[in-house]
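For reference, the structure discussed in these notes is given below.
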Amino acid sequence: MDRQNEPGTAVLDMRGLHWASQQRVVETVLGRRPGVLSVQPNPVSETATVVYDPALTSVADLRDWVHECGLHCAGQSVPNHICDPLAEPAKHEGAKRESAAHGADEQGHAVDERGHGADEHNHDGHAGMSMADMARDMRNRFLVALVFSLLVMLWSPMASDMFGLHVPTPFGLRQDIWALILSLPVIFYSSTIFFTGAVRALRARTLDMMVLVAVGIGAGWLYSLAITLTGGGEVFYEASTMLATFVLLGHWFEMRARGGANDAIRTLLDLAPPQAVVIRDGRETEIPTAEVIVGDVLLVRPGAKIATDGVVAEGESDVDESMVTGESLPVHKEPGAQVIGATLNENGTLRVRATKVGSDTALAQIVNLVQQAQNSKAPGQRLADRAAFWLVLVALIGGPLTLTVWLLAGATFAKAMLFAITVVVITCPDALGLATPTAIMVGTGLGAKRGVLFKSAVALENSARIQTVVMDKTGTLTKGEPEVTEIITDGAVRSAELLPLLAAVERESEHPLAAAVVRHAEAQGANGVRARDFENVPGHGATATVNGRRVVIGNRRLLEREGIPLGDLASARDRVAGAGQTAVLAAVDGRAAAVIGIADAPRDSSAAAVRDLHAMGVEVVMLTGDNRATAERIAAELGIDTVIAEVLPGDKADKIAELQSGGKKVAMVGDGVNDAPALARADLGIAIGAGTDVAIETADVVLMRSDPLDVPTALRIGRGTLRKMRQNLAWAVGYNTLALPIAAGVLEPAFGFTLRPEIAAMSMSGSSIIVALNALSLKRLHLPEQH
């Protein structure tokens, strides 16, 4: 596909999207616009993922259309102190893949909590508010409604009937007229958000929760107003005002609860420093991070954050990358080392040349990746969204139907009206709309804080169903670089004496095995003696003179060429080779001195990861192109169930398919180009973060820390999230199934039980609060300790 014609994907800041049922308004309004291909709003994060044709529209157009929904939008939901919210999304996917490899976790509440003032599109005064601001506004509206609804109740017939209170009305006013006056602040201040929201929904030719609440409050109040203006009678001012009060109370608590789902987002949005010190024309200058350009040299002092992605030009230091990658130990940096923006320089002064800025940085790209995951819909959520829309329709039809049935049954109009309003109110599908987005928000945020990036809600859901985990060996279970595992000497030359001689020769070689010997020797404190007369023997090894002694190191053929017999070390060589290790032979002054076992060593946490997967009832399979002896050695060391070795790169996907043919849900964990087809074929592709761009692009989950222990972490988060989604959906469906007939009055003839509108409002709001709190309890999920 021509890259110029590729669709753009923008995660838009959408403050004011506070209700689950408002999603349909956004989907409808934006979905009708030219060039908009798909819209996925998220009321929990107050963002929306929009896929669009850049040839027909732009981020600026999308922002203006969001304003038409009555919502605030600054543009893209990005850390605006390092990115321009109105910039078009980067089209080079390579940058996204590379940033995913580094990792970062900053998700999407976007501009709202970071001091972005409301722009000129203020609308009705609440659209530009953050969730916290909206919760405060909701609290204020609730308090006004509470005071005046209690006053209405004080002078209502209910107060005298239930409590024997007979409070005279002031100025000799008729009771219903006084109740009308007291209800005005509730209707024309506290309840205006419901009426304006209902108008927006109807203009968008859709139905949402605002319509139901507005109908419930408005119908009761207008009916009462008509009765008052025509001479008096039974009125519902107390029902309408208490209904508004309880809905506002419920949504105030709900917003406070849902705000917790964004904790990880808000924390990570502030990771990048707002200012950077750059060296231009030989002088230090402090500028906003958003003004740093590629090629700028940043001066990063101890204790300062690195502003953008870059490469160390001068200096050495340890950098704390935990806030981005989840890696707990500081990483040593020296000239040539890559650094990630928003990480913390600990002890040395660095000069860093900026390589990626703005929306190209790892931080900004991973923000985008996680936001898209949070805004995507799990299969269950799509069904819930459709059900929520039809539930609103059922409520709006059920209200008049209930009114009609009770009138036909001989009830008074006032009583029938009471039941009708209760049906409309109690059927609000907000809990149904929040059931899965809140759980997905918490689950993806929990994963991102641990360095586990889920690319979509489907990936999160699929991770809960995995029964078999297939792991690539090299670079996934192992470190991907050779390491000395053992040294067996003949006893004539001690290891402490031998190591400096071997290291001196191997320092002159560029072979990976030679580098392993040098690292081991230096770790043992071998001194830096120099080799003379070095000779590289391609394919065999090397020889040199060290401290006057002739040293030979390489394979058996090299020793045979030198006429050196192995003697007693032959059995040691056979044992090392039989265990799947590379046997390197060393001789000093014409005598075989040692056998060095070299292998790709397992990662420190690989065995713990396998044990944890077994504890979860998950089968672990190793899939590798290496020889069987090597694979069996690693598998035995780690406790892996099944080994599939000597597999050609092109056949890995077929092996995944064979496992799936047995009816099992299979996850594939890999890091290389040759793993990409298998990652794509698996039910869940998991890429080790330090792997290749292709692997990361193909995978469904990215492990930023390159730690196998994060595989069981990902599966546990998936299982926990799916469990909360199911619990929430079951509660929401069960609540509406039971509540609707009770509200319609089916218990009244037999038991004399009548559910009043204000109690229905409290019940409806309570169900939404329960859903939000249940999702937030996912934060207490037990996860493996990080290594």
Side-chain angles (χ1 to χ4, degrees), residues 336 473-475 478-490 493 495 497-524 526-567 569-601 624-631 633-634 645-646 648-649 672-674 692:
K473 180 182 77 67
T474 305
T478 66
K479 296 176 181 177
E481 60 181 23
E483 186 175 273
V484 173
T485 56
E486 58 181 322
I487 299 179
I488 305 143
T489 65
D490 69 344
V493 181
S495 179
E497 180 185 355
L498 182 64
L499 279 176
L501 304 179
L502 301 181
V505 179
E506 297 290 52
R507 281 192 189 95
E508 307 299 322
S509 173
E510 296 181 355
H511 197 281
L513 296 182
V517 173
V518 172
R519 284 195 300 270
H520 180 76
E522 291 177 346
Q524 299 299 315
N527 57 23
V529 294
R530 295 295 302 274
R532 299 176 58 191
D533 304 324
F534 175 82
E535 179 190 359
N536 183 50
V537 184
H540 290 35
T543 66
T545 301
V546 184
N547 288 346
R549 307 182 73 173
R550 180 168 171 75
V551 180
V552 176
I553 182 167
N555 58 22
R556 184 173 56 181
R557 290 182 181 178
L558 179 60
L559 267 65
E560 289 174 350
R561 192 195 80 161
E562 296 288 323
I564 302 173
L566 272 177
L569 290 174
S571 60
R573 187 203 69 82
D574 292 341
R575 179 180 64 78
V576 170
Q581 302 180 63
T582 301
V584 175
L585 309 176
V588 179
D589 293 335
R591 177 186 174 91
V595 176
I596 305 167
I598 298 180
D600 183 8
T624 179
D626 275 2
N627 64 74
R628 179 159 291 277
T630 300
R633 175 182 66 81
I634 296 290
E646 300 174 359
L648 296 174
V673 174
N674 59 359
T692 64

Check [X] against [Y] and note the closest heavy-atom contact, atom names and distance.
X: Pro482; Y: Ala516; answer: O-CB, 3.5 Å
X: Phe534; Y: Ala542; answer: CE1-CB, 3.5 Å
X: Ala544; Y: Val505; answer: CB-CG2, 3.9 Å
X: Val529; Y: Pro500; answer: CG2-O, 3.6 Å

Near Arg519 CZ, under 6.0 Å, is it more than 12 heavy atoms from other residues, nucleotides or ligands? yes
Would you compute the distance between atom [atom1] of [X] and atom [atom2] of [Y] and round it to the nearest 0.5 angstrom?
X: Glu508; Y: Arg530; atom1: CD; atom2: CZ; value: 6.0 Å
X: Leu501; Y: Glu506; atom1: CG; atom2: CD; value: 12.0 Å
X: Ile564; Y: Leu558; atom1: CD1; atom2: CG; value: 7.5 Å
X: Glu535; Y: His540; atom1: CD; atom2: NE2; value: 11.0 Å
X: Arg573; Y: Asn555; atom1: CZ; atom2: CG; value: 9.5 Å
X: Asn547; Y: Arg532; atom1: CG; atom2: CZ; value: 10.5 Å

Sequence neighbours left out, cut at 3.5 Å: what donor-acceptor pairs do the side chains of residues 581-596 make with other protein atoms?
from, atom 1, to, atom 2, distance (Å)
Gln581, OE1, Thr485, OG1, 2.1
Gln581, NE2, Glu486, OE2, 3.4
Asp589, OD1, Arg550, N, 3.0
Asp589, OD2, Arg549, NE, 3.2
Arg591, NE, Asp490, OD2, 3.0

Taking the side chain as every heavy atom from C-beta outward, state whether His520 and Leu499 have any pair of such atoms under 4.5 Å apart. yes
Is any side-chain heavy atom of Ile488 closer than 4.5 Å to one of Val576? yes
